[in-house]
Enquirer: 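After the structure tokens below, expect a handful of questions from me.
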Amino acid sequence: MTKEKIVAEKIRVLLTEEEVNRRIGEVAAQINRDWAGKPLHLICVLKGGVFFMCELAKRLEGPVSLDFMSVSSYGSGTQSSGVVRIVKDLDEPLEGKNVLIVEDIIDSGRTLSYLIEILRRRNPANIELCTLLDKPERRVVQDVQVRYTCFTIPDEFVVGYGLDYDQKYRNLPYIGVVEF
Ligand code: PRP
């Protein structure tokens, strides 16, 4: 008989639900000022970006359309390889649109660098990046320009608000650090 070892992680709160929601409101206000009623086409990179996209989109005042994309990084382990395979492509063309890519976290920057390169070839009018969290200490690819960042965080393993550990904890309404 095999015995399954059940290990529960402890989660320490890094950013409370109130702090996250307040900051998303501030970033949304900045986007509203910058785009002043122009249509914005939000692209959510699944799965982590979905909670942030919903909260952000609710606070935008101009015309908003949404699309979703799922990518998977070649290679294994916790590091992305930089070569991205499109698992689910966008439904809509990007030609002439003001595109805002909405991400939960930018880590090495490899995923976004590759994704932006692919999406630029579809001739959007603009392509900008908005992220809930940024871990600049981990950046490997320097050419990723992030226009809107909610929080810059230290290099810790974070979960919640869309971010997972082994597919768990995405539904936490706050950002927590996993203490292994
Ligand atoms: C995360 C995140 C970014 C990527 C960032 O996705 O949503 O897409 O990793 O890492 P990088 O800057 O080092 O490339 P993940 O592959 O964990 O998928 P998920 O959103 O489905 O959890």
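Just the heavy atoms: all of them, side chains too, but no hydrogens, waters or symmetry mates, feed the values below. All values reported here derive from a predicted model rather than from experimental measurement. For ligands, and for the atoms within them, numbers begin at 1 and follow the listed sequence.
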Enquirer: Is Leu56 close to Cys130 at the side-chain level, that is, under 4.5 Å between some pair of heavy atoms?
Expert: yes
Enquirer: Considering residues at least two apart in sequence or located in another chain, which fulfil the salt bridge (Lys or Arg N to Asp or Glu O under 4.0 Å) criterion with Lys47?
Expert: none
Enquirer: Counting heavy atoms only, which part of Arg138 comes closer than 4.0 Å to ligand 1: side chain, backbone, both or neither?
Expert: neither
Enquirer: Using a strict cut-off of 4.0 Å, indicate which atoms of ligand 1 neighbour a heavy atom of Ser108.
Expert: 11 (P), 12 (O), 13 (O), 14 (O)
Enquirer: Which bit of Asp164 is near ligand 1, meaning a heavy atom under 4.0 Å away: side chain, backbone, both or neither?
Expert: side chain
Enquirer: Which atoms of ligand 1 have any heavy atom of Asp104 under 4.0 Å away?
Expert: 2 (C), 7 (O)
Enquirer: Look at atom 4 (C) of ligand 1 and find which of Thr111, Val159, Val140 reaches it with the closest heavy atom.
Expert: Thr111
Enquirer: Tell me whether Arg139 reaches ligand 1 (any heavy atom closer than 4.0 angstrom to a ligand atom).
Expert: no
Enquirer: Check whether any N or O atom of Gly48, backbone or side chain, sits under 3.5 Å from an N or O atom of ligand 1, and answer yes or no.
Expert: yes
Enquirer: Could you tell me which atoms of ligand 1, counted from 1 in the order shown, lie closer than 4.0 angstrom to a heavy atom of Leu46?
Expert: 20 (O), 21 (O)
Enquirer: Provide the number and element of each atom of ligand 1 under 4.0 Å from a heavy atom of Ile105.
Expert: 2 (C), 3 (C), 5 (C)
Enquirer: Would you confirm whether Lys97, through its side chain, and Pro39, through its main-chain N or O, come within 3.5 Å as a donor-acceptor pair?
Expert: no
Enquirer: Could you work out, with salt bridge (Lys or Arg N to Asp or Glu O under 4.0 Å) as the rule, every residue matching Arg139, not counting sequence neighbours?
Expert: Asp134
Enquirer: Does a donor on one side chain and an acceptor on the other come within less than 3.5 Å for Tyr161 and Asn171?
Expert: no
Enquirer: Do the non-hydrogen side-chain atoms of Thr152 and Lys135 ever get within less than 4.5 Å of each other?
Expert: no
Enquirer: Tell me, do Ile11 and Glu179 make a side-chain contact under 4.5 Å, heavy atoms counted?
Expert: no
